[in-house]
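Structure record follows, encoded as structure tokens.
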Amino acid sequence: PLRNAFVPRFTSAAAAEYDALSSLLDGMELSDEADIRRCPWEDAAHKLSSSTLYRNVITTGEECNYYKFILENQAPSKVKFFGWLLVQNRIQTKENLLKKHCLDSNTCAICDSGIESSAHLIAGCPFSAGFWARIGVAMKEDDVATLWQIRPPVHLPTAHFNAFLLLCCWRLWKHRHDVVFRSLPPCYDRLFAGCREDVELWACRLPLVDRDVALAWVVVFSPPPLLT
């Protein structure tokens, strides 16, 4: 009877699926009781849960190493999205734009020598390397793809260090835009001023008990006092 519910002829793939279905149904016995319908994506009220369905659709079964680093972060949403693209080398660097035939060159606009990949822009470029050296964070070009593994130096708070790293990367990206689109020269003073500005804006995003973390960040991004 079940076979009559399908088209007369099966492809080889359909025949294999029918045989698998038949083997599953062979051990089932029907009764006259009312049917009880269950859905793997229903909530406690037995209604379809769109959030549960979405999680099942996007889940690949593989652990995402940077999930907590990006999502459990006090940075603004646009910066978290930038970080998600950054660790996958998917921000719109010259390297990626050249692959899309949007540009004729992939040379870094800051140092005018290396290929402007995500890793080069954030850490490999001499200007970026100088920035990390000035704030005392050990950052190599290979570290950009695994930002979540970088440990805070002793002069920086451990709390919210993931937000601090994204702030630095975000500001290096914005500084690159100033050079490319506004024809401004590379400038550490402008970069550090932008970092301090973001710290002031992001401070309200931190829990009240952690507001002193933002003060420590301001110190790192501030120029040393002049000797008198």
Side-chain angles (χ1 to χ4, degrees), residues 64-76 78-99 103 105-182 184-199 202 213 216-223:
C64 180
N65 294 325
Y66 48 86
Y67 172 83
K68 289 186 176 181
F69 175 80
I70 300 296
L71 295 186
E72 296 181 5
N73 196 308
Q74 298 299 327
K78 64 179 180 181
V79 180
K80 289 194 282 189
F81 183 64
F82 163 79
W84 179 76
L85 294 175
L86 173 65
V87 296
Q88 301 176 84
N89 191 27
R90 292 173 61 182
I91 59 175
Q92 299 291 8
T93 57
K94 286 189 173 183
E95 179 189 45
N96 289 333
L97 291 173
L98 180 63
K99 293 177 182 177
L103 295 176
S105 171
N106 58 8
T107 303
C108 175
I110 307 294
C111 65
D112 199 28
S113 59
I115 295 176
E116 192 194 71
S117 62
S118 299
H120 174 85
L121 177 64
I122 299 301
C125 177
F127 181 88
S128 301
F131 167 77
W132 294 110
R134 280 168 167 79
I135 64 175
V137 175
M139 173 77 74
K140 301 187 299 294
E141 191 166 350
D142 293 339
D143 293 335
V144 177
T146 54
L147 285 176
W148 59 92
Q149 295 181 358
I150 298 176
R151 304 272 68 85
V154 294
H155 63 282
L156 279 171
T158 301
H160 308 292
F161 185 64
N162 56 349
F164 176 84
L165 285 179
L166 283 190
L167 187 153
C168 294
C169 295
W170 173 250
R171 269 298 161 181
L172 284 168
W173 176 244
K174 299 272 284 184
H175 175 271
R176 179 260 187 194
H177 279 24
D178 286 342
V179 174
V180 173
F181 298 113
R182 299 175 61 191
L184 297 178
C187 176
Y188 285 117
D189 288 341
R190 189 173 66 252
L191 174 58
F192 278 99
C195 290
R196 292 193 299 271
E197 179 183 335
D198 277 352
V199 172
W202 294 19
V213 171
W217 294 356
V218 171
V219 172
V220 171
F221 294 133
S222 298

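All values below were derived from every heavy atom in this structure, side-chain atoms included, with hydrogens, water molecules and symmetry-related copies excluded. Given the structure is predicted, the values throughout are model-derived calculations rather than measurements.
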Quick one: are [X] and [Y] in side-chain contact, heavy atoms under 4.5 Å?
{"X": "D143", "Y": "Q149", "value": "no"}
{"X": "H120", "Y": "I115", "value": "no"}
{"X": "W148", "Y": "N65", "value": "yes"}
{"X": "F131", "Y": "M139", "value": "no"}

Whether [X] side chain and [Y] backbone form a donor-acceptor pair below 3.5 Å:
{"X": "H175", "Y": "R190", "value": "no"}
{"X": "Q74", "Y": "A163", "value": "no"}
{"X": "N96", "Y": "Q92", "value": "no"}

With sequence neighbours excluded, what pairs up with H160 under the ring pair (Phe, Tyr, Trp, His ring centres under 6.0 Å) test? none
Taking ring pair (Phe, Tyr, Trp, His ring centres under 6.0 Å) as the definition, give me every residue that meets it alongside H177, ordered by chain and number, with sequence neighbours left out. W173, F181
Any idea how F164 and W217 line up, ring-wise: parallel (<30°), tilted (30 to 60°), or perpendicular (>60°)? tilted
Locate the shortest heavy-atom distance separating V144 from S118; write the atom from each residue and the value. CG1-O, 4.2 Å
Could you tell me the separation between the CZ atom of F69 and the OG1 atom of T146, rounded to the nearest 0.5 Å? 9.5 Å
Salt bridge (charged side-chain N to carboxylate O under 4.0 Å, His left out) with R182: which residues, sequence neighbours excluded? D178
